[in-house]
Amino acid sequence: MNRQRLWAVIRKDLLEVLGTGQILWPLIMVPLSFVILLPTMLIFSARSLAKDPNTAQLIENIPEFLGRQLSGFSEQQIIVYFMLVFIFSSFFLIIPIMVSTLIAANSFAGEKERKTLEGLLYTPVTDLELVVAKITSAWLPAMAVSWLCFVIYGVIVNVLAYPLFGRIFFPTLNWFALMVVLVPAVAFASIALVVMISSRVRGSQEANQIAGTLVLPLALATVAQFTGVVVFSTPVVLLVGLLFTVVDIGFLYFIIRGFHRDRLLR
Amino acid sequence: MSELAIDAQGVTKRFADITALDRADFTVERGTIFGLLGPNGSGKTTAVRVLNGIIEPSEAGSVTILGYDLSRDIQEIRQRVGVQTDAALYERLTALDNCRIFGEIFGLQPADARRLALELLEQFDLADRAGDKVEGFSKGMKQKLSIARALMGDPVLIYLDEPTAGLDPEASFELLRYITDVSADRSKTFFITSHRLLEMETVCDTAAILVDGRVIARGSPSELIDQATESCRVRVFLGRASATGGRGREDIERFAVESAYVKSMEAGEDSLLFCLTKRTDIPELIRALAATGADIYSVREESLTLQDAYLALVRADRG
């Protein structure tokens, strides 16, 4: 694999993303409003939430090992901590999925749609370099936006929740596992899915729609957390992250094996 | 080193039940300009894609590009070939970035890629727009930019698809002069697909006509003209009276009908156009016309153009 060619294609894709407000602004604004609004609303409504009868039900559903961890906390603290540290962590996976699918769909299916891909196919870029470059150019911004959101989320959570807890408690270990293992793996999986779809669909919109179904398992994961079936604790996050990594390797193998230039021109 | 830039024999490509290329042969000598002519949908784009390994032929025959086997040495070939097709440019990038990035893909260091990109943009009159996004460019500017981009790898074989489409006459002339100069000075080979037959006749060393995926004729433009027809055309300028029915006109018409070597005659405002079976009949025609007593002002042999030949060959092939 020729690194210069690889980076030339990656740089081209990144320049294209940065060069258009149509892609860039949703990529930044949606996640930012997500990480700013959600914790702010929660923390400011914590007092009224604590009095809600549904909250008592939610606290009852919290698994025992977490209950021990949260012993000594008031109901208000429990609900805020549980939501900020566990429930919102599954929401946080939406960010890399959204960013990566939007860029990947634009970069692969979008290039096909705009008929710019053919020019690239005539160059010495190999199939492997093309696939790796396209995946990387979607993965890097997904990681950058996710980590930026993580930092902003951390600051907001600690600043706004300080009066309630009297100490800085974020990030917790499960969040490090999330950001270092699960988020990169999930972003890769969603990009790989888009790349696989892209050679079979006509445009980026179609690719985006199909890739949007990825949010469904996340919704299930969130419901599962609310009901106490599963909680995004550190071992769970690491285990799911490892599973996704295995899936990613499988995806990459199938993409490289099944990649045909002529299919991209149909 | 092979003398042939392209040596493709028996190339067939089928898409479901459509045969886009049917045992087509393409032979192009190094340092020459080759034109691939053909109606829309005749298989020209498929030919370029197959010869560049973008799509695989259904039956390959044997394809050698610049001495390299297409199926085995595709990377060697791509490193030496530049392709300008109707594939779009990156509209959200600047003209400079469109070229520079391709230079880097072809192995140039970033600084060298930038330098060459600026040189080519200068050459194609785009230097003052180098930093502008392509989305604001006119069709002609985009056309010039896509050709400049195809030259970023300093290719020895260059494919150009309708290179003068969208260019004004002056820019077309400059581009064609550039192509002939580069081909002659630096031994670069050009493979051009175009519908502009007048330009192709001027610029091409050899050409082939592709109809329904089959190469129906090949050779130099003059050879194609010879293949299209053995006849010749002579325009005889007469006094207005003779041309439109005055003195000698009846005799001329009778002569045209009775003569074995006059295939047809068309009357113009002040001239008659004779189509003869062969060139050596011209002196006999002049003698016969003089004998009718018509006022003959001048006689001019009208050479057939590549366009005439193309139309004749395509129509003949389609029956």
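In what follows, every chain begins at residue 1, and chains take the letters A, B, ... in the order their sequences are listed.
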Chemist: Contact part of A:Glu129 toward chain B, heavy-atom cut-off under 4.5 Å: side chain, backbone, both or neither?
Modeler: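 It is neither, since no heavy atom gets under 4.5 Å.
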Chemist: Please classify the contact between B:Leu51 and chain A as side chain, backbone, both or neither, with a heavy-atom cut-off of under 4.5 Å.
Modeler: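 It is neither, since no heavy atom gets under 4.5 Å.
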Chemist: Identify the heavy atoms of A:Ala8 and B:Glu104 that sit nearest to each other, and give their distance.
Modeler: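 Closest heavy-atom pair between A:Ala8 and B:Glu104: CB-CB, 3.9 Å.
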Chemist: Measure distances from B:Gln109 to the heavy atoms of chain A and classify the residue's part below 4.5 Å as side chain, backbone, both or neither.
Modeler: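 Both parts, heavy atoms under 4.5 Å.
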Chemist: Which atom names give the shortest non-hydrogen contact between A:Tyr122 and B:Arg49, and what distance separates them?
Modeler: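 Closest pair (atom of A:Tyr122, atom of B:Arg49, distance): OH-CG, 3.3 Å.
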Chemist: Please look at A:Leu6 and chain B and tell me whether the side chain, the backbone, both or neither of the residue comes under 4.5 angstrom of a heavy atom of that chain.
Modeler: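 Looking at A:Leu6, nothing touches chain B.
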Chemist: As an exercise: rank B:Val83, B:Val48, B:Ile55 by heavy-atom pairs under 4.5 Å with chain A and give me the winner.
Modeler: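 Of the candidates given, the most pairs with chain A belong to B:Val83.
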Chemist: Using a 6.0 Å cut-off, check whether atom CD of B:Glu56 has over 12 heavy atoms from anything other than its own residue.
Modeler: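 Open.
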Chemist: Just wondering, more than 12 heavy atoms not from B:Arg114 lying within 6.0 Å of its CZ?
Modeler: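 Not buried by this count: 12 neighbours or fewer within 6.0 Å.
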Chemist: Measuring from A:Lys12:NZ to B:Phe102:CZ, what's the distance to the nearest 0.5 Å?
Modeler: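 One gets 8.0 Å once the value is rounded to the nearest 0.5 Å.
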Chemist: To the closest 0.5 Å, what do you measure between CZ (A:Arg11) and CZ (B:Arg100)?
Modeler: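 Between A:Arg11 CZ and B:Arg100 CZ, I get 5.5 Å after rounding to 0.5 Å.
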Chemist: Taking every heavy-atom pair that is under 4.5 Å apart, which of A:Val125, A:Thr126, A:Leu120 has the most such pairs with chain B?
Modeler: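 Of the options given, most contacts go to A:Leu120.
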Chemist: Do A:Arg5 and B:Phe106 have side-chain heavy atoms sitting under 4.5 Å apart?
Modeler: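 Contact flag for A:Arg5/B:Phe106 side chains = no.
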Chemist: How many angstroms lie between atom OG1 of A:Thr123 and atom CD1 of B:Ile105, to the nearest 0.5 angstrom?
Modeler: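 Answer for the OG1-CD1 pair, A:Thr123 versus B:Ile105, is 5.0 Å.
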Chemist: Ignoring hydrogens, what is the shortest heavy-atom contact between A:Gln4 and B:Gly107? Give both atom names and the distance.
Modeler: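 In this case the closest contact between A:Gln4 and B:Gly107 is NE2-C, 3.5 Å.
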Chemist: Could you check A:Leu15 against B:Thr94 for side chain to side chain contact (heavy atoms under 4.5 Å, CB included), going step by step and ending with a plain yes or no?
Modeler: CA-CA 10 Å; A:Leu15 279 173; B:Thr94 64; over 6 Å; no
Chemist: Surrounding CD of B:Glu29 (heavy atoms of other residues, nucleotides or ligands, distance under 6.0 Å), is the total greater than 12?
Modeler: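 Result for CD/B:Glu29: open.
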Chemist: Around A:Trp139, counting heavy atoms of other residues, nucleotides and ligands shown, do more than 12 lie under 6.0 Å from its CH2?
Modeler: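 Atom CH2 in A:Trp139 is not packed in, count stays at 12 or less.
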Chemist: Taking the side chain as C-beta and beyond, is there a heavy-atom pair between B:Leu89 and A:Thr116 under 4.5 Å?
Modeler: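 Not touching, per the 4.5 Å side-chain cut-off.
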Chemist: Side chain, backbone, both or neither: which part of B:Leu93 has a heavy atom under 4.5 Å from chain A?
Modeler: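 Side chain of B:Leu93 only, per the 4.5 Å heavy-atom cut-off to chain A.
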Chemist: Does any heavy atom of chain A fall under 4.5 Å from the side chain of B:Tyr159, the backbone, both, or neither of them?
Modeler: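 No part of it gets close to chain A.
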